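The structure presented is a predicted model; accordingly, all values stated were derived computationally and were not measured.
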Amino acid sequence: LLQTDMMNRHSGRNAVQMRRRFEQEARTTASLRSPHTVELYDYGVTEDGVFYYVMELLDGIDLETLVKKFGPQPPARAIWIMRQVCRSLAEAHQHGMIHRDIKPTNILLCRMGNEYDFVKVLDFGLVKVLDGHGLELTGEGVTTGTPAYIAPELAMGSPNLDGRADLYALGCVGYWLLTGSLVFQESGAAAMMLAHLRKDPIPPSARSEFVVPASLD
């Protein structure tokens, strides 16, 4: 059960927009059928105005914890994980949805039956979608996402986004898997976003304890 902000903290137009956004996000997330996207069973608003999702219960570890606990991962495993994330994102992108917050803590590595390393992508709460009237419900010009994994166009608050922003973030996740380090080592959010805009990253092969193939580099 995932709860978000209470409606009674908002009033008038903001409350209406917030509810429309929540309902749209819940409907679109619930419509996704990829086995690598977390399954949403139900959603609604309680009598006291609390939004909620009811999602599947997962048994696993997120990629942030995986690397912190076990260290950088070999290229073959990193590729296996990222391919599954791509399957989840491919369906979302086909439906006109952009996740906008792909990061290690939103990717869970699960045990599903007898299968291990089964990926589930979580938290489509920042997803960019269009409502039935062509209105972007996440808010135009609003920078969302996590600075360490943010695509340059998202960092600039560009309204012209597409699925490549998610793929950029996934590349940053792959970097984390291979090296145990962020792409850029900056001290603050603003500096981190600026680095994504202006700096060239050090290739993961130069920072990984594994031999990273040139094609993956």
Short N-O contact, Arg164 and Glu153, less than 4.0 angstrom: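 Answer for the salt bridge query: no.
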Applying the 4.5 Å side-chain criterion to the ILVMFWY set and letting contacts propagate, would [X] and [Y] be lumped into a single cluster?
| X | Y | result |
| --- | --- | --- |
| Val85 | Tyr116 | no |
| Trp80 | Trp176 | no |
| Met192 | Ile202 | yes |
| Val67 | Phe210 | no |

Quick check: does any side chain N or O of [X] sit under 3.5 Å from a backbone N or O of [Y], one acting as donor and the other as acceptor?
| X | Y | answer |
| --- | --- | --- |
| Asp217 | Val212 | no |
| Ser208 | Pro204 | no |
| Lys103 | Leu170 | no |
| Glu39 | Glu56 | no |

Are [X] and [Y] side-chain neighbours, meaning at least one heavy-atom pair lies under 4.5 Å?
| X | Y | answer |
| --- | --- | --- |
| Ile102 | Leu89 | yes |
| Asn106 | Asp62 | no |
| Met97 | Leu32 | yes |
| Leu109 | Val119 | yes |
| Cys172 | His196 | yes |

Side chain to side chain contact (heavy atoms under 4.5 Å, CB included) assessment of Leu182 paired with Tyr149: CA-CA 8 Å; Leu182 300 177; Tyr149 303 91; 3.3 Å; yes
Got a second to check how far [X]'s [atom1] is from [Y]'s [atom2], nearest 0.5 Å?
| X | Y | atom1 | atom2 | result |
| --- | --- | --- | --- | --- |
| Ile61 | Arg111 | CD1 | CZ | 15.0 Å |
| Gln73 | Leu66 | CD | CG | 4.0 Å |
| Arg207 | Ser181 | CZ | OG | 4.0 Å |
| Cys110 | Ile107 | SG | CD1 | 11.5 Å |
| Leu161 | Asp166 | CG | CG | 9.0 Å |
| Thr37 | Arg87 | OG1 | CZ | 12.0 Å |

Derivation of the side chain to side chain contact (heavy atoms under 4.5 Å, CB included) call for Val173 and Ile81: CA-CA 10 Å; Val173 171; Ile81 291 169; over 6 Å; no
Can you name the closest pair of heavy atoms from [X] and [Y] and give their distance?
| X | Y | answer |
| --- | --- | --- |
| His95 | Ser31 | CD2-OG, 4.5 Å |
| Ser34 | Glu91 | N-OE1, 2.8 Å |
| Leu197 | Met156 | CD2-CG, 3.5 Å |
| Gly180 | Pro72 | N-CG, 3.9 Å |
| Leu216 | Pro75 | CD2-CB, 3.8 Å |

Residue pair Ser88, His99: steps toward the side chain to side chain contact (heavy atoms under 4.5 Å, CB included) verdict: CA-CA 10 Å; Ser88 170; His99 189 289; over 6 Å; no
Pair Val38-Leu108, side chain to side chain contact (heavy atoms under 4.5 Å, CB included): steps then yes or no: CA-CA 9 Å; Val38 65; Leu108 206 66; over 6 Å; no
Step-by-step ring pair (Phe, Tyr, Trp, His ring centres under 6.0 Å) determination, His36 to Phe118: CA-CA 8 Å; His36 298 294; Phe118 194 94; 4.6 Å; yes
